[in-house]
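Per chain, numbering begins at 1; letters A, B, ... match sequence-line order.
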Amino acid sequence: MTEAAANLPSLRRAVGTATATATSAGLAFAAIDYLGVVSILAYAPGRSAAVAILIGGLLVCYVAAVFSELNGLYPSAAGIRLYLGRAIGNRTALAVTFTYMTTVVLVIAADAFLIGAAIRHVLHEPAVLAYLWIAILLGVALAANLAGVRLAGWMQTAVTYTVLAGTVILCVIALTKPGAAMGQPLDLFGRGTFSGIQAIAFALFLYAAFEWVTTTAEEARRPQVITRALFLAPLLIWATATVFALALSHLVPSSVLKGSAVPQLLLGTKALGTVGEVWMLGLTVLTALNTFNGGFLVASRFIYAAAREGSLPRRFALLNVRAVPWVAVTALAVLSGLVAALVFATGQWLLLVAVGATIEAGIYALGSFCLLRLRRRETRERPFRLVAAKPLASIGTVVFAVLCLATGLSDPKDPHRLSVAPLGVIALLGAAATLYVRIGLPKVQAAAAARAATARPRRRPSKVEDPSSKEQEGA
Amino acid sequence: MADWEELAEALADYTATCNDNARLRKMQKDWSKVLHFVCTDSGETFTMVVERGEILSTPQGHHGAPDLVVATTSETFCDMFWGDLNPVAKYLRGEITVKGTQEDVMRLDAISYVIWPDA
């Protein structure tokens with residue numbers, strides 16, 4: 001934390017560890033995580049999935065330490081822009097951040113699609129109605145955001161803990177039922193070395209976005225609150241994902257899981273019949289509250305700030321009467337709707353998981369690299385320092401780069417094959433962001449400069465030196 | 001470095017401009033906050049009390065428990081309250097430090113954006 005920030009007065013209402021942990025876990029645990037577990041099971045069946053999730057969790061602990069130190073240096077909602085900018089230059093940082101923010105669109109789109117699919121599944125509606133559910137869900141989220149409706153902190157906390165506890169309870173019940181007893185041997189690399197690496201890479205996806213809690217650093221009671229949340233939230237996700245993976249392997253055959261967008265409902269039905277199905281549907285819908293609330297808020301405010309700064313066209317900063325950046329929010333909803341519809345039409349929902357996992361692994365590699373660069377440049381005190389940062393961050397950069405490639409080259413529908421589809425999607429997103437930064441941004445900045453040149457003159461009165469004071473100085 | 005006199009002059013102008021702006025008052029009608037400001041160079045502090053979007057007072061020193069705390073140099077504060085700089089650009093460069101919710105930070109910036117869209 002900077003010296004100035006450390007000495008600021010305390011806030012009337014500040015975020016404590018429980019709320020920050022819930023925020024972190026809530027941002028990470030979305031409906032798409034249920035599918036994430038299915039992706040892991042494809043590479044590491046049965047109990048081996050739990051090993052992959054544990055290794056993923058241990059890697060995420062290292063990531064938590066990296067982001068704790070970076071957040072300590074730049075405790076700001078704009079933190080990621082700041083430390084990327086300082087480490088790799090502003091233009092590259094902007095292109096990376098734009099690509100990173102597309103994960104928000106992917107997660108919102110995935111949740112809209114998955115919840116639509118879950119509701120349709122329970123109500124036994126025709127497939128085509130999924131489009132209607134996607135439109136309704138995103139329409140409600142858009143209207144609530146435009147009206148300035150936000151989940152109160154306590155409600156967000158309650159929702160997160162309900163989803164996690166509800167999932168764990170149902171899974172424990174499922175594990176008490178007679179089932180397949182997870183017959184596969186405990187061998188993470190049973191389907192080949194590359195499969196084991198891919199399983200770990202997909203396990204990382206379960207924790208993805210937990211680091212976004214750093215955007216609430218300015219609300220935290222103390223800087224240590226964010227550090228604690230960064231370490232505690234993965235623990236909650238690890239416990240929940242592990243029992244879900246075990247319960248799923250125990251009760252739902254892999255042949256049934258393959259091709260299903262609603263594994264959590266299948267598990268609920270197997271465990272408790274209709275009650276279990278409705279139970280899991282309720283939890284799935286609850287995850288949307290966090291995703292739609294947090295996702296829209298983080299991404300739209302980022303777009304607003306970028307537009308105000310002059311990095312995006314000015315219209316993205318337009319505010320409605322509720323002080324909501326309505327163009328940014330509407331653009332997010334429309335884009336998410338289009339992606340969700342495309343996913344439904346093509347049946348490529350596991351591609352979303354692969355793309356999300358690849359981007360996150362890439363960001364973690366970049367975070368490690370940033371830490372290496374900033375260790376040399378920033379000598380300021382920070383509330384958290386990673387021990388043995390130089391060797392650990394060097395290894396971290398390489399490990400996460402390998403995991404990024406492992407998911408980027410995975411075939412979402414067939415674990416035995418490789419595919420360039422996930423990496424191809426990211427290359428397209430990255431190319432679009434880079435093209436914008438190289439070609440579009442100079443035009444936006446030129447327009448801003450032209451506006452500034454014709455804008456009103458400086459309002460602040462210039463300082464007029466008091467002649468008497470000069471005389472006094474001379475005397 | 002700006003002294004309190006210069007800051008007070010900037011704040012007086014800012015208060016009048018904000019309170020006279022009907023659109024801003026409508027937009028901020030649900031925003032009642034206590035803001036603390038800290039000049040990192042001179043150590044000067046002041047408070048801004050906002051009630052339903054209207055700036056009620058801007059006394060020297062810190063009064064009450066804050067919802068939002070903003071810290072930067074006295075010169076930046078003066079330029080900001082005169083509408084001569086874009087606070088977001090400074091914030092994204094880490095030259096303005098804040099403590100508070102993202103919502104309140106955005107609301108504070110929204111004031112500058114509405115009254116000085118060209119800044």
- Item | Option in B:His62, B:Glu6, B:Gln28 with maximal non-hydrogen atom pairs under 4.5 Å from chain A | B:Glu6

- Item | Check: A:Arg308 side chain, B:Val88 main-chain N or O, donor-acceptor pair, under 3.5 Å | no

- Task: Please look at A:Ala317 and chain B and tell me whether the side chain, the backbone, both or neither of the residue comes under 4.5 angstrom of a heavy atom of that chain.
- Result: both

- Message: Counting heavy-atom pairs closer than 4.5 Å to chain B, which one of A:Gly85, A:Ala306, A:Ser10 comes out on top?
- Response: A:Ser10

- Query: Is there side-chain contact between B:Gln102 and A:Thr215, with at least one heavy-atom pair below 4.5 Å?
  - Reply: yes

- Side-chain contact test, heavy atoms from C-beta onward, threshold under 4.5 Å: evaluate it for A:Arg459 versus B:Thr17 and give yes or no. yes

- Query: Got more than 12 heavy atoms from elsewhere within 6.0 Å of CZ, A:Arg91?
  - Reply: yes

- Taking C-beta and beyond as the side chain, do B:Thr97 and A:Tyr74 meet within less than 4.5 Å on heavy atoms? no

- When only pairs under 4.5 Å are counted, which of B:Arg23, B:Glu103, B:Lys29, B:Arg93 shares the most heavy-atom pairs with chain A? B:Glu103

- Query: What's the spacing between B:Thr101 OG1 and A:Leu11 CG if we round to 0.5 Å?
  - Reply: 8.5 Å

- In terms of side-chain geometry, is the basic nitrogen of A:Arg460 or B:Asp84 positioned less than 4.0 Å from the acidic oxygen of its partner? no

- Task: Can you see which heavy atom on A:Glu219 is nearest to which on B:Gly100, and at what distance?
- Result: CG-O, 3.1 Å

- Message: Quick check for you: to the nearest 0.5 Å, what is the distance between B:Leu68 atom CG and A:Arg12 atom CZ?
- Response: 11.5 Å

- Let me see the working for A:Val321 and B:Lys26 under side chain to side chain contact (heavy atoms under 4.5 Å, CB included), right down to the final yes or no. CA-CA 7 Å; A:Val321 77; B:Lys26 192 177 175 192; 3.9 Å; yes

- How far apart are the closest heavy atoms of B:Leu92 and A:Ala305, and which atoms are they? CD1-O, 3.9 Å

- Are A:Arg301 and B:Met106 close enough that some pair of their side-chain heavy atoms sits under 4.5 Å apart? yes

- Task: Pick whichever of B:Thr72, B:Val70, B:Asp67 has the most heavy-atom pairs under 4.5 Å with chain A.
- Result: B:Asp67

- Query: Does a sphere of radius 6.0 Å around CH2 in B:Trp4 hold more than 12 heavy atoms from other residues, nucleotides or ligands, not counting ones at 6.0 Å or beyond?
  - Reply: yes

- Query: Side chain, backbone, both or neither: which part of A:Leu318 has an atom under 4.5 Å from a heavy atom of chain B?
  - Reply: both

- Message: With heavy-atom distances below 4.5 Å as the criterion, would you say the side chains of B:Asn86 and A:Glu309 are in contact?
- Response: no

- Query: At a heavy-atom separation under 4.5 Å, does B:Ala10 approach chain A through its side chain, its backbone, both, or neither?
  - Reply: neither

- Note on the structure: Applying a strict 4.5 Å limit to non-hydrogen atoms, the region of A:Asn90 in contact with chain B is neither

- Item | Structural part of B:Asp13 lying under 4.5 Å from a heavy atom of chain A | side chain

- Crowding at CZ, A:Arg373 (>12 non-hydrogen neighbours, <6.0 Å): yes

- When the 4.5 angstrom heavy-atom criterion is applied to B:Leu24 and chain A, the contacting part is neither

- Message: As an exercise: rank B:Trp31, B:Phe81, B:Tyr113, B:Tyr91 by heavy-atom pairs under 4.5 Å with chain A and give me the winner.
- Response: B:Tyr113

